[in-house]
Visitor: 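This is the structure, below, for whatever I ask next.
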Amino acid sequence: MQDKTGKKLLWWGTAKCFDHPRFVHGAGTSPSADVFAFAAAQIKNAIDATVKLGGQGYVFWGSREGYETLLYTNMGLELDNMARLMHLAVDYARCIGYTGDFYVEPKPKEQTKHQYDFDSATVIGFLNKYDLAKDFKLNIEANHATLAQHTFQHELRVARTNGMFGSIDANQGDPLLGWDTDQFPTNVYDTALCMYEVLKAGGFTNGGLNFNAKARRGSFQLDDIFLSYIAGMDAFALDLRIADKMIQDGRIDQFVADRYASWNTGIGADIISGKATMADSEKYALEKGEVTASLSSGRQEMLESIMNDIMFSL
């Protein structure tokens, strides 16, 4: 069908190593070596399919890579084994000619209470510790950010700041519910700030917007599926334009630059360059005296008003 239509996979494949009873205690983090081997075999087959279909991303979607209680958990071994599984996958994929990206999708509280891949910061620390950062990026899902009690923008900013932004599961969660609702994304504030981060990251490379979302139970007619995807795509298309407008407008970026201007000269520049010692800082502080006068207002309300003006000005 790909040859017939010219359509391609967006970017990724993955293996569902969580719903079968064998994965009750995890896959790569299972206490059973047999389960680890079975998971490795399943991932190998998923990588084979991804390569055959021309995918440019492979995602580790670790729904049971965590624990319920530390009373029965060897955390060090489980984390080491998860890293071993990821190294095995990378080595195998590269040897069969796979040139795409690998991703980890942070996902808190699903399905275990304490997930090892809780949020972007946790995953980045893991990848750096185990020498996986050179092959992996992050696939950020909006609903998982909600479950981690972060904003969607926060998770994207952490990934971008650390050079680990890769791709997006485009949906939204309900902050009033403590589970993965996977709603179609229609919140224009969230999607605008998402696309702002994407543009600031230089755009996608092998990644993209994967609509990991479902119509609500009450939306049961066949055309509701089409309307749901249209609503999600329209939200991101609108907010790509809004995000570009935010950058072109320049007021928010200029405010941030001005807020941190003290790091460009004087003691700030000396600290960043490594010229200033602890003794230099002490001498400067004693001579300077109280610093509250040099603090500026954060003006959060003004900045939110600017965003409203950019989004809704007529």
Side-chain angles (χ1 to χ4, degrees), residues 106 108 119-121 138 140-165 167-178 181-204 207-209 211 213 216 228 230-266 268-269 272 290-314:
D119 61 6
S120 292
L138 271 58
I140 306 298
E141 178 176 314
N143 202 160
H144 294 163
T146 302
L147 294 178
Q149 298 184 314
H150 298 313
T151 64
F152 189 17
Q153 185 187 19
H154 168 88
E155 289 294 89
L156 290 164
R157 178 70 64 90
V158 171
R160 174 170 75 83
T161 300
N162 287 276
M164 301 291 284
F165 169 68
S167 200
I168 289 173
D169 265 18
N171 59 20
Q172 67 186 38
D174 190 323
L176 301 182
L177 300 175
T181 56
D182 284 345
Q183 298 167 230
F184 275 91
T186 55
N187 184 317
V188 293
Y189 283 97
D190 285 347
T191 48
L193 292 171
C194 164
M195 297 312 292
Y196 177 80
E197 296 298 327
V198 171
L199 291 179
K200 288 285 189 175
F204 293 106
L209 297 171
F211 283 88
R216 298 301 87 195
S228 298
I230 291 167
M233 288 186 284
D234 280 353
F236 273 98
L238 169 65
D239 289 319
L240 176 62
R241 296 169 63 186
I242 290 172
D244 178 66
K245 192 175 178 182
M246 290 171 64
I247 294 171
Q248 297 301 322
D249 176 87
R251 282 180 287 175
I252 293 175
D253 286 344
Q254 187 59 56
F255 184 89
V256 173
D258 292 342
R259 187 168 185 244
Y260 292 92
S262 67
W263 292 96
N264 299 327
T265 59
I272 286 179
E290 184 52 64
V291 299
T292 53
S294 65
L295 293 174
S296 60
S297 172
R299 298 192 184 278
Q300 177 179 334
E301 297 78 8
M302 183 195 76
L303 294 169
E304 291 169 344
S305 177
I306 289 173
M307 186 171 175
N308 283 343
D309 178 57
I310 292 169
M311 292 178 69
F312 302 112
S313 58
L314 300 176

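Just so it is clear, the values below take in all heavy atoms, side chains as well, and ignore hydrogens, waters and symmetry mates.
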Visitor: What pair of heavy atoms forms the shortest contact from P108 to A148, and how long is it?
Guide: CG-N, 3.4 Å

Visitor: Would you check, one step at a time, whether the test side-chain hydrogen bond (donor to acceptor under 3.5 Å, both in side chains) holds for N308 with E304?
Guide: CA-CA 6 Å; N308 283 343; E304 291 169 344; over 6 Å; no

Visitor: Quick check: closest heavy atoms across S297 and F255, and the distance to 0.1 Å?
Guide: O-CZ, 3.6 Å

Visitor: Might you point out which heavy atoms bring N171 and N143 nearest each other, and give the distance in Å?
Guide: OD1-N, 3.1 Å

Visitor: Any heavy-atom pair between the side chains of F211 and S228 that's under 4.5 Å?
Guide: no

Visitor: Less than 4.5 Å apart, side chain to side chain, heavy atoms only: is that true for E197 and F152?
Guide: no

Visitor: So do the side chains of M302 and I306 get within less than 4.5 Å of each other, counting heavy atoms only?
Guide: yes

Visitor: Taking the inter-plane angle between the rings of F165 and F204 on a 0 to 90° scale, is it parallel (under 30°), tilted (30 to 60°) or perpendicular (over 60°)?
Guide: tilted

Visitor: Is there a side-chain contact between E141 and D182 (heavy atoms, below 4.5 Å)?
Guide: yes

Visitor: Got a salt bridge between K245 and D309, using NZ or NE/NH1/NH2 to carboxylate O under 4.0 Å?
Guide: no

Visitor: Do M195 and L156 have side chains that approach each other closer than 4.5 Å (heavy atoms only, starting at C-beta)?
Guide: no

Visitor: To the nearest 0.5 Å, what is the distance between CZ (R160) and CD (Q153)?
Guide: 8.5 Å

